[in-house]
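Taking it in order: structure first as structure tokens, then the write-up.
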Amino acid sequence: MANQILSIISLLLFPFIIFTEVEGAKKSNRVYDSNTATKLFVFGDSYVDTGNFVHSESYKIPNGITFPGSPAGRFCDGRVITDYIASFLKIESPTPYALRNSSNMQHGINFAYGGTGIFNTSIDGPNMTVQIDSFEKLIQQNIYTKIDLHSSIALVNAGGNDYTNALKTGRFLDLPAFMESLVEQMSVNLNRIHSLGINKVAVGLLQPIGCLPALTLISFRTNCIGLLNLVSKDHNKKLLQAIQKLNNQTGKSVFITLDLYSSFLSTIETMQKKRAENSTLMNPLQPCCDVKNLGDSCGSVDDKGEKKYSLCENPKISFFWDNVHPSQNGWSAVYRMLQPSLAQLT
């Protein structure tokens, strides 16, 4: 099975953007007044990042055209799942770690860094362990009190980039062993976040990677690639078992899961059915921001400043923004399906 999956994925590598690490803002010794206001701390990759990659395409046109109207550091035309979860918690989206200062950390901090993973990836960015290190330093600096953390929530989403990197480095050849080590390290990370004082942690399950536009080119973007989705399903099965074990150890439901896999699939299938009845609707497997070559990304231009991508007429009816990331419309649909799970956080 691993060899079959490897053969197919080798045809089309994920076109993840290469990022450079950004230097953080100056440290602050300010302690926020302890109150019952919820704070959100975010760890992971570009699905949950809201602006840590200052020198990436996320800060280039056309990203951000739907919200806030110009590029703002999200790999999307608008809001991502972090924004929707913050809204659900009735707070503003937490400030990206790279943009923090003494007056903008009252809603928490977003440590997520696109292109990174649970382990190191091919980019020079902080993996999840390093992101948690940064969180711990803020606690040691007394930026946040124990009472702050007790009423706070963590959002964690990572894993997709690890599989991409495993393919590039050859670790994918032993898929079961790699998957086991990946989930084991995720479990260590989740337990550490809890041990630092957070009592509610929402963990994103791996999205159906066989539905990403970069890979559905194999099917001419008519269907998701079921064989590739098996990787996500197997990963999620192991992750759910690990989370159940963690909850058993704590004696309470500290960790909840956000089923991105089912939410993506259900939304895509619904959109496909509607399109079968109305051909003017957009194919959900077609990215709104479509690159001319797989090595390009949304926002890329050539030496003459010519765009290396094309845009759909209306991002608000798309599911995918680019070859990897959902559009705001896509994330909005996923968020609606996740609300019953999110209710467990309040």
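The chain is numbered in sequence order, starting from 1. Because the structure is predicted, anything quoted here is derived from the model rather than measured.
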Linking I/L/V/M/F/W/Y whenever their side-chain heavy atoms sit closer than 4.5 Å, directly or via other members, would [X] and [Y] fall into one cluster?
| X | Y | value |
| --- | --- | --- |
| F67 | I81 | no |
| L265 | F320 | no |
| L240 | M179 | yes |
| I317 | L311 | no |
| F43 | L246 | yes |

Minimum side-chain heavy-atom gap [X]-[Y] below 4.5 Å:
| X | Y | answer |
| --- | --- | --- |
| I153 | T38 | yes |
| F255 | I193 | no |
| Y144 | S152 | no |
| Y309 | E57 | no |
| T164 | T121 | no |
| K245 | Q249 | yes |
| T116 | D49 | no |
| L89 | S87 | no |

TODO: Please determine if D133 and R192 form a salt bridge, counting it only when a charged side-chain N lies under 4.0 Å from a carboxylate O.
DONE: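 Looking at R192 together with D133, the answer is yes, because their closest N to O distance falls below 4.0 Å.
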
Over all heavy atoms of both residues, which pair between [X] and [Y] is shortest? Give the atoms and the distance, please.
| X | Y | value |
| --- | --- | --- |
| T129 | N127 | N-OD1, 3.1 Å |
| P213 | D322 | CG-O, 3.6 Å |
| S46 | F75 | CB-CD1, 3.7 Å |
| P287 | D290 | CG-OD1, 3.6 Å |
| G160 | L206 | N-CD1, 3.5 Å |
| F41 | K39 | CE1-CB, 4.0 Å |

Just how far is it from atom [atom1] of [X] to atom [atom2] of [Y], taken to the nearest 0.5 Å?
| X | Y | atom1 | atom2 | value |
| --- | --- | --- | --- | --- |
| N63 | S56 | CG | OG | 8.0 Å |
| L258 | N157 | CG | CG | 8.5 Å |
| K137 | Q140 | NZ | CD | 8.5 Å |
| S266 | Y261 | OG | OH | 12.0 Å |
| F319 | I268 | CZ | CD1 | 4.5 Å |
| F264 | N229 | CZ | CG | 11.0 Å |

Open item on the list: I'd like to know whether M128 forms a side-chain contact (heavy atoms from CB on, under 4.5 Å) with Q185, so could you lay out the CA-CA distance, the side-chain angles of the two residues, the decisive distance to 0.1 Å, and finally the verdict.
Closed with: CA-CA 10 Å; M128 190 178 294; Q185 184 59 47; over 6 Å; no

Open item on the list: Set out, in order, the CA-CA distance, both residues' side-chain angles and the distance that settles ring pair (Phe, Tyr, Trp, His ring centres under 6.0 Å) for F178 and Y163, then state yes or no.
Closed with: CA-CA 9 Å; F178 177 73; Y163 285 107; 5.6 Å; yes

Between [X] (side chain only) and [Y] (backbone N and O only), is there a donor and an acceptor less than 3.5 Å apart?
| X | Y | result |
| --- | --- | --- |
| Q131 | P126 | yes |
| K200 | S253 | yes |
| T82 | V48 | yes |
| D162 | G117 | no |
| N236 | L205 | no |

Open item on the list: Using the salt bridge (charged side-chain N to carboxylate O under 4.0 Å, His left out) criterion, which residues pair with E92? Sequence neighbours excluded.
Closed with: none

Regarding [X] and [Y], is there a side-chain donor-to-acceptor distance under 3.5 Å anywhere?
| X | Y | answer |
| --- | --- | --- |
| T145 | D148 | yes |
| T66 | D77 | yes |
| T50 | N110 | yes |
| D83 | S93 | yes |
| S297 | S300 | yes |
| S318 | S327 | yes |

Task: Passing candidate, ring-ring contact (aromatic ring centres under 6.0 Å, His included) with Y47, options W321, Y84, W331 - done: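 Testing each of W321, Y84, W331 against Y47, the sole residue satisfying ring-ring contact (aromatic ring centres under 6.0 Å, His included) is W331.
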
Open item on the list: Go through it in stages, so that I can follow the logic: the residues are K252 and N199, the test is side-chain contact (heavy atoms from CB on, under 4.5 Å), and I'd like the CA-CA distance, side-chain angles, deciding distance and then a yes or no.
Closed with: CA-CA 9 Å; K252 52 185 178 180; N199 289 318; 4.0 Å; yes

- [ ] Give the ring-plane orientation class for F111 versus Y97, where under 30° counts as parallel, over 60° as perpendicular and anything between as tilted.
- [x]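 Plane angle between 30° and 60°, so tilted.
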
TODO: Please report the C-alpha distance between L196 and I132 in whole Å, then the side-chain angles of each, then the deciding distance to 0.1 Å, and finally whether the side-chain contact (heavy atoms from CB on, under 4.5 Å) criterion is met.
DONE: CA-CA 9 Å; L196 289 172; I132 300 171; 3.9 Å; yes

Open item on the list: Is there a side-chain contact (heavy atoms from CB on, under 4.5 Å) between I243 and V203? Walk through the geometry before answering.
Closed with: CA-CA 9 Å; I243 288 174; V203 186; 4.0 Å; yes

TODO: Count the heavy atoms of every other residue, nucleotide or ligand shown that sit under 6.0 Å from CD of E180, and state whether that count exceeds 12.
DONE: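 No, CD of E180 has 12 or fewer neighbouring heavy atoms, counting only those of other groups under 6.0 Å.
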
- [ ] Apply disulfide (SG to SG under 2.5 Å) to C312 and C289, showing your working.
- [x] CA-CA 7 Å; C312 66; C289 187; over 6 Å; no

With a cut-off of 3.5 Å and sequence neighbours excluded, list every side-chain donor-acceptor pair involving residues 278-285.
| residue | atom | partner | partner atom | Å |
| --- | --- | --- | --- | --- |
| N278 | OD1 | T280 | N | 3.1 |
| N278 | OD1 | T280 | OG1 | 2.5 |
| N278 | ND2 | T280 | OG1 | 3.4 |
| N283 | OD1 | L285 | N | 3.0 |
| N283 | ND2 | R221 | O | 2.7 |

Open item on the list: Using a strict SG to SG cutoff of under 2.5 Å, would you count C224 and C211 as disulfide-linked?
Closed with: yes

Side-chain donor-acceptor contacts of residues 336-344 below 3.5 Å, not counting sequence neighbours, with atom names and distances?
| residue | atom | partner | partner atom | Å |
| --- | --- | --- | --- | --- |
| R336 | NH1 | S332 | OG | 2.9 |
| Q339 | NE2 | Y335 | OH | 3.4 |

